[in-house]
Amino acid sequence: MVGVISLVTGMAGPSGFGSASTAEQVTDGIDASNLTAIITGGASGIGLETARVLALRKVHVIIAVRNMVSAKEAKQQILEENESARVDVMKLDLCSVNSITSFVDNFIALDLPLNILINNAGVMFCPFKLSEDGIEMQFATNHLGHFHLTNLLLDKMQQTAKATGIEGRIINLSSIAHNYTYRKGIRFNKINERKGYGNKKAYGQSKLANILHTNELSRRLQEEGVNITANSVHPGVIMTPLMRHSSYLMHFLKVFTFYIWKNVPQGAATTCYVALHPSVKGVTGKYFVDCNQCKPSSHAKNKQLAKKLWDFSNDLIKSISKA
């Protein structure tokens, strides 16, 4: 009940922030001029707002997206507001293992540090479709692509953390929709089957996978003694281009649930908070809602499920790479 009240009223939680807080407010006064961040899907919606605010706090921002026209427009939009912003754009298609590998190769060639990785990009409620690698689209884009991208960038993040002494941070954007998934959480043996596919449950499955990935990654990083944290966030319910496959339904629902919807600056707040705020230093393997730690579903807390998903995802990547 307290969570519902705070959501509706915007009442601040233990962090001092709440659902009404904006990305600028939660990063106010932070100088991040010594940091470099990659943001996937940073050309629109909360991804663009995250890129804008991080650039405002002097982070060197790399916007990684599939549509380079949109990316260049996003960069120009940020520069028009903030002439001193450091923003670069790079092509990345999370549905393609080859594209992910090429992106990482190109980024490494720039010889830049990497302090923050924000896995923001995603698709939502789309009809059944397989990626070019033969993986169900929502699972491929929202989870598997980010899983592979993160693994390929870990060495660079470890090198940066060791050389600078600055904690690296990985943020996976999940959703409260992780509660609404298939009965066993992940359809491991039927991940690419049309039969039994539900666009909303498949989305919930991919968002559950984001939390499970975060938790297992956090465990492994802690076990290795690496100075990198990994956390997942629910940005809130926001009308963005992500909802293009269900815009009529979302507009209809918004009429009756207007009090729980956020605007884009509010939607980007939790991501920016976990990425930059000093109070999150050393915090890892947690799930954040409205800039405060929150308990996810029982599936999301299942350590065995997280380990199984990690191994399953690794096997998928290997099978794609061999094809």
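Worth saying up front: this structure is predicted, and the values here are computed from it rather than measured. All values below come from the heavy atoms of this structure, side chains included, with hydrogens, waters and symmetry mates left out.
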One pair to check against salt bridge (charged side-chain N to carboxylate O under 4.0 Å, His left out): Lys281 and Glu167. What are the steps and the verdict? CA-CA 8 Å; Lys281 184 178 180 180; Glu167 172 186 272; over 6 Å; no
query = Would the number of heavy atoms belonging to other residues, nucleotides or ligands and lying under 6.0 Å from CD1 of Ile176 be above 12?
reply = no
Notebook entry, point to check: Should we count CD of Gln76 as having more than 12 external heavy atoms under 6.0 Å?
Noted result: yes
Determine all donor-acceptor pairs shorter than 3.5 Å in which one atom belongs to a side chain in residues 30-37; sequence neighbours excluded.
residue	atom	partner	partner atom	Å
Asp31	OD1	Ser33	N	3.0
Asp31	OD1	Ser33	OG	2.9

- Task: Evaluate the ring planes of His143 and Phe147, with Trp represented by its six-membered ring, and classify them as parallel (under 30°), tilted (30 to 60°) or perpendicular (over 60°).
- Result: tilted
When you check the side-chain N and O atoms of His234 and Asp290, is any donor under 3.5 Å from an acceptor?
no
Residues at least two apart in sequence or cross-chain that pass ring pair (Phe, Tyr, Trp, His ring centres under 6.0 Å) with His178, listed by chain then number, are Tyr287
Would Leu48 end up clustered with Ile116 when hydrophobic side chains under 4.5 Å apart are linked, directly or stepwise? yes
Item to complete: Take Asp93 and Ser99, measure what side chain to side chain donor-acceptor pair (under 3.5 Å) needs, and give me the verdict at the end.
Response: CA-CA 6 Å; Asp93 183 354; Ser99 176; 5.4 Å; no
Heavy-atom nearest pair, Thr160 first then Pro113, reads OG1-CA, 3.5 Å
Next item on the list: State whether Arg219 and Glu216 are salt-bridged, where the test is any N-O pair (Lys NZ or Arg NE/NH1/NH2 against Asp/Glu carboxylate O) under 4.0 Å.
Entry: yes
Nearest heavy-atom approach of Gly45 to Val264 is O-CG1, 3.7 Å
Of Thr271, Asn210, Asn231, Thr214, the one forming a side chain to side chain donor-acceptor pair (under 3.5 Å) with Asn172 is Thr214
N/O donor-acceptor pair under 3.5 Å between Arg57 side chain and Glu24 backbone
yes
Students should find that the hydrophobic cluster of Phe128, defined by side-chain heavy atoms under 4.5 Å apart, otherwise consists of Leu130, Tyr182, Tyr197
